[in-house]
Student: 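Below is a structure I'd like to ask you about.
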Amino acid sequence: MVNKVELLRLERSGEGTFGVLRVDERVFCVTLEPPDRGNKVNVSCIPAGEYQCRRVDSPRFGRTFEVKGVPGRSHILLHSGNMVEDTSGCVLLGSRFGLLRGNRAVLESGRAFSGFMEKCSGVEVFPFVVENIA
């Protein structure tokens with residue numbers, strides 16, 4: 001059972017927004033989002049705040065969770081991917097930070113995402129809190 005998921009943003013720069021995902025008060029994986037560009041569709045991370053995530057079937061990413069209640073935005077998903085270019089405003093999950101083709105990235109994303117979905121087995125909705133630490 002998952003009661004709460006928190007995205008704690010540790011670093012924000014032009015290279016991306018890097019953080020950690022906590023599940024029920026325990027660090028689960030690392031995250032990468034686009035830089036903060038004022039909540040612009042497809043190119044910005046979402047504003048810090050309290051949301052809900054609901055299980056969805058994405059045509060592109062399959063079974064995942066969508067962040068609901070983001071002002072002026074929709075289709076914000078949690079999914080696998082390594083670099084900022086792999087996200088259109090979504091949250092990428094990874095096992096660790098690193099470099100890929102000379103760019104900062106999250107690595108072993110498929111493993112982190114699969115582990116997260118396994119942790120959320122049987123869960124349809126959960127509270128999702130996004131907080132800027134840095």
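The structure displayed is predicted, hence computed values, not measured ones.
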Student: Hydrophobic clusters here meaning ILVMFWY residues chained together by side-chain heavy-atom distances under 4.5 Å, can you tell me if V91 and V20 are in one?
Tutor: no

Student: What pairs with R63 under side-chain hydrogen bond (donor to acceptor under 3.5 Å, both in side chains), at least two apart in sequence or on another chain?
Tutor: D57

Student: With N39, which residues qualify under side-chain hydrogen bond (donor to acceptor under 3.5 Å, both in side chains), at least two apart?
Tutor: R73

Student: Could you state the interatomic distance from SG (C45) to CZ (R37), rounded to the nearest 0.5 Å?
Tutor: 9.5 Å

Student: CD1 of I46 to OG1 of T17: how many Å apart, nearest 0.5 Å?
Tutor: 10.5 Å

Student: Salt bridge (charged side-chain N to carboxylate O under 4.0 Å, His left out) with E118: which residues, sequence neighbours excluded?
Tutor: none

Student: May I ask you to check whether over 12 heavy atoms, not counting those of E85, lie within 6.0 Å of atom CD?
Tutor: yes

Student: Can you list everything that forms a side chain to side chain contact (heavy atoms under 4.5 Å, CB included) with D86? Sequence neighbours excluded, please.
Tutor: N82, M83, L92

Student: I need the minimum non-hydrogen distance between P35 and S13, along with the two atoms involved.
Tutor: CB-O, 3.4 Å

Student: Please tabulate, for the side chains in residues 119-134, all donor-acceptor contacts under 3.5 angstrom to protein atoms that are two or more places apart in sequence or on a different chain.
Tutor:
| residue | atom | partner | partner atom | Å |
| --- | --- | --- | --- | --- |
| N132 | OD1 | R9 | NH1 | 3.2 |

Student: Is there a path of hydrophobic side-chain contacts, each under 4.5 Å between heavy atoms of I/L/V/M/F/W/Y residues, joining V23 to F65?
Tutor: yes

Student: Closest approach of V84 and G16, non-hydrogen atoms and distance?
Tutor: CG2-CA, 4.0 Å

Student: How does the hydrophobic cluster around V56 look, that is, which other residues are in it when side-chain heavy atoms under 4.5 Å mark a link?
Tutor: F61, L77

Student: The criterion is side-chain hydrogen bond (donor to acceptor under 3.5 Å, both in side chains); which residues satisfy it with E11, sequence neighbours excluded?
Tutor: R104

Student: Determine the minimum heavy-atom distance between C90 and P34, stating which atoms define it.
Tutor: O-CD, 3.8 Å

Student: List for me each residue that meets side chain to side chain contact (heavy atoms under 4.5 Å, CB included) alongside N3, sequence neighbours excluded, and say none if there are none.
Tutor: M1, D24

Student: For F18, what residues pass the ring pair (Phe, Tyr, Trp, His ring centres under 6.0 Å) criterion, not counting sequence neighbours?
Tutor: F97

Student: Measure from the side-chain N and O atoms of T64 to the backbone N and O of L78, and report whether any donor-acceptor pair falls under 3.5 Å.
Tutor: yes

Student: Once you round to the nearest 0.5 Å, how far does CD1 of I76 lie from SG of C53?
Tutor: 10.5 Å

Student: Side-chain atoms of residues 105-117: list all donor-acceptor pairs with protein atoms under 3.5 Å, sequence neighbours left out, distances to 0.1 Å.
Tutor:
| residue | atom | partner | partner atom | Å |
| --- | --- | --- | --- | --- |
| E108 | OE1 | R111 | NH2 | 2.4 |
| E108 | OE2 | R96 | NE | 3.3 |
| E108 | OE2 | R111 | NH2 | 3.3 |
| S109 | OG | G81 | N | 2.8 |
| S109 | OG | G81 | O | 3.0 |
| S109 | OG | L93 | O | 2.4 |
| S114 | OG | G110 | O | 3.0 |

Student: According to salt bridge (charged side-chain N to carboxylate O under 4.0 Å, His left out), who are the partners of K4, at least two apart in sequence or on a separate chain?
Tutor: E6

Student: Please report the shortest heavy-atom distance between V30 and S95, naming the atom on each side.
Tutor: CG2-C, 4.0 Å

